[in-house]
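One structure below.
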Amino acid sequence: MAQMRLDKLLGITGCCSRTEAKKLIRSGAVTVNGIAAASADQKVEPQQDTVIFCGTPVVYRQYTYIVLNKPEGVVSATEDGKDRTVLDLLPADMRRAGLFPCGRLDKNTVGLVLITDNGALAHRLLAPKSHVEKEYRFRSKFPLTPSDVDLFEQGVVLEDGYETKPARLFLEPSGDAGRIVLVEGKYHQIKRMLEALHNKITHLERIRFGPLTLDGIPNRGDLRYLTETEIAALESHEA
Ligand code: URA
């Protein structure tokens, strides 16, 4: 394993941002093999050196996990001839070969996208039988009603005859906005569910993917590494 800068290690392991790392290292809060780290650009061997951050050992991981608050107009792909992709939004120090978005949001859907290089985990999380909850905030052209809530619960028959798995619909008093929770991710699923009810989605934002939320990344284009707790929660998800 190649050496890397100490501030990079603290960043990719989710301890703190690289800017914060500089300050914390200067204050003596980081040790490498028992000795207070000298500077942010000090080189460390992540799998061999013992790095302690504010009293807690830093765990280096083989895989990278990033959560992005996707803006409108960006595509969930690794490359695209025309549009910017979610990978184009990663700053240079977060880029790494093999990263890809785990699942897709439409170009005009905003919100939470998980980006990782752990193919096996992504495969497991996206498998139809895995039933990872995906939660969305939406606005619709016309108000929805309590009978639509029941329909969502029973399953909506899409234009191609597919019957969706039970989904939860929570309506605001106006009826034309609320939240939807799905346990599957068919192509354009929510738009097609609303079309099946002779309605139309006018705004869609994913706010949760399993245990992951937009905490700490409130603005479009914001991104951060997952915490150890979030990684453990994803990794313990059974397919
Ligand atoms: N359902 C949709 O229709 N679009 C998305 O991007 C996500 C869920």
Side-chain angles (χ1 to χ4, degrees), residues 66-80 82-90 99-116 122-145 148-149 151-172 175-215 217-223 234 237:
I66 295 164
V67 64
L68 163 75
N69 187 339
K70 182 180 108 52
E72 201 170 335
V74 174
V75 294
S76 303
T78 50
E79 51 181 66
D80 190 276
K82 198 163 71 101
D83 295 304
R84 273 193 314 162
T85 73
V86 289
L87 295 190
D88 293 331
L89 302 184
L90 300 182
L99 287 175
F100 61 89
C102 173
R104 282 170 183 271
L105 287 185
D106 298 338
K107 186 171 158 182
N108 63 355
T109 300
V110 295
L112 196 155
V113 176
L114 169 65
I115 297 172
T116 184
H123 189 76
R124 228 169 50 233
L125 295 174
L126 298 175
K129 63 178 177 182
S130 112
H131 295 176
V132 174
E133 287 196 345
K134 281 122 323 234
E135 183 165 350
Y136 298 83
R137 241 189 239 127
F138 75 93
R139 285 199 293 275
S140 58
K141 186 164 178 187
F142 309 111
L144 291 153
T145 64
D148 294 324
V149 174
L151 268 176
F152 264 60
E153 185 59 49
Q154 286 155 25
V156 175
V157 179
L158 304 181
E159 83 293 346
D160 61 359
Y162 176 77
E163 186 175 335
T164 60
K165 294 208 167 70
R168 284 175 288 152
L169 170 62
F170 302 93
L171 293 177
E172 288 182 11
D176 62 358
R179 285 179 298 116
I180 292 170
V181 182
L182 300 183
V183 291
E184 56 185 343
K186 301 285 173 211
Y187 180 67
H188 290 335
Q189 180 160 341
I190 292 179
K191 291 174 185 162
R192 290 162 68 211
M193 288 171 89
L194 272 269
E195 275 161 21
L197 305 179
H198 309 290
N199 205 328
K200 193 174 161 46
I201 285 289
T202 56
H203 176 80
L204 194 57
E205 175 191 21
R206 182 153 70 187
I207 57 171
R208 186 167 64 84
F209 178 83
L212 307 180
T213 66
L214 293 171
D215 274 5
I217 46 169
N219 303 308
R220 305 288 173 232
D222 285 353
L223 36 80
L234 282 185
H237 192 92

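Every number for a ligand or one of its atoms is a count from 1 in the order of the listing.
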Q | Presence of salt bridge, R168 and E153, under 4.0 angstrom | A | no

Q. Is it true that R220 and E72 have a side-chain N and a carboxylate O under 4.0 angstrom from each other?
A. no

Q: Answer with yes or no whether the side chains of Q189 and Y162 bring together a donor and an acceptor at under 3.5 Å.
A: no

Q.
My understanding is that only residues two or more places apart in sequence, or in another chain, count here; which of them pass side chain to side chain donor-acceptor pair (under 3.5 Å) with D83?
A. K107

Q) Between E205 and K70, does at least one N-O distance fall below 4.0 Å, as a salt bridge requires? A) no

Q | Between N199 and K191: side-chain donor-acceptor atoms closer than 3.5 Å | A | no

Dump the pairs for me: ligand 1 N or O, protein N or O, distance under 3.5 Å, to 0.1 Å.
{"unit_1": "ligand 1", "atom_1": "1 (N)", "unit_2": "I190", "atom_2": "N", "d": "3.1"}
{"unit_1": "ligand 1", "atom_1": "3 (O)", "unit_2": "H188", "atom_2": "O", "d": "3.3"}
{"unit_1": "ligand 1", "atom_1": "3 (O)", "unit_2": "Q189", "atom_2": "N", "d": "3.4"}
{"unit_1": "ligand 1", "atom_1": "3 (O)", "unit_2": "I190", "atom_2": "N", "d": "3.3"}
{"unit_1": "ligand 1", "atom_1": "3 (O)", "unit_2": "K191", "atom_2": "N", "d": "3.1"}
{"unit_1": "ligand 1", "atom_1": "4 (N)", "unit_2": "D106", "atom_2": "OD2", "d": "2.7"}
{"unit_1": "ligand 1", "atom_1": "6 (O)", "unit_2": "D106", "atom_2": "N", "d": "2.8"}
{"unit_1": "ligand 1", "atom_1": "6 (O)", "unit_2": "D106", "atom_2": "OD2", "d": "3.4"}
{"unit_1": "ligand 1", "atom_1": "6 (O)", "unit_2": "T109", "atom_2": "OG1", "d": "2.9"}

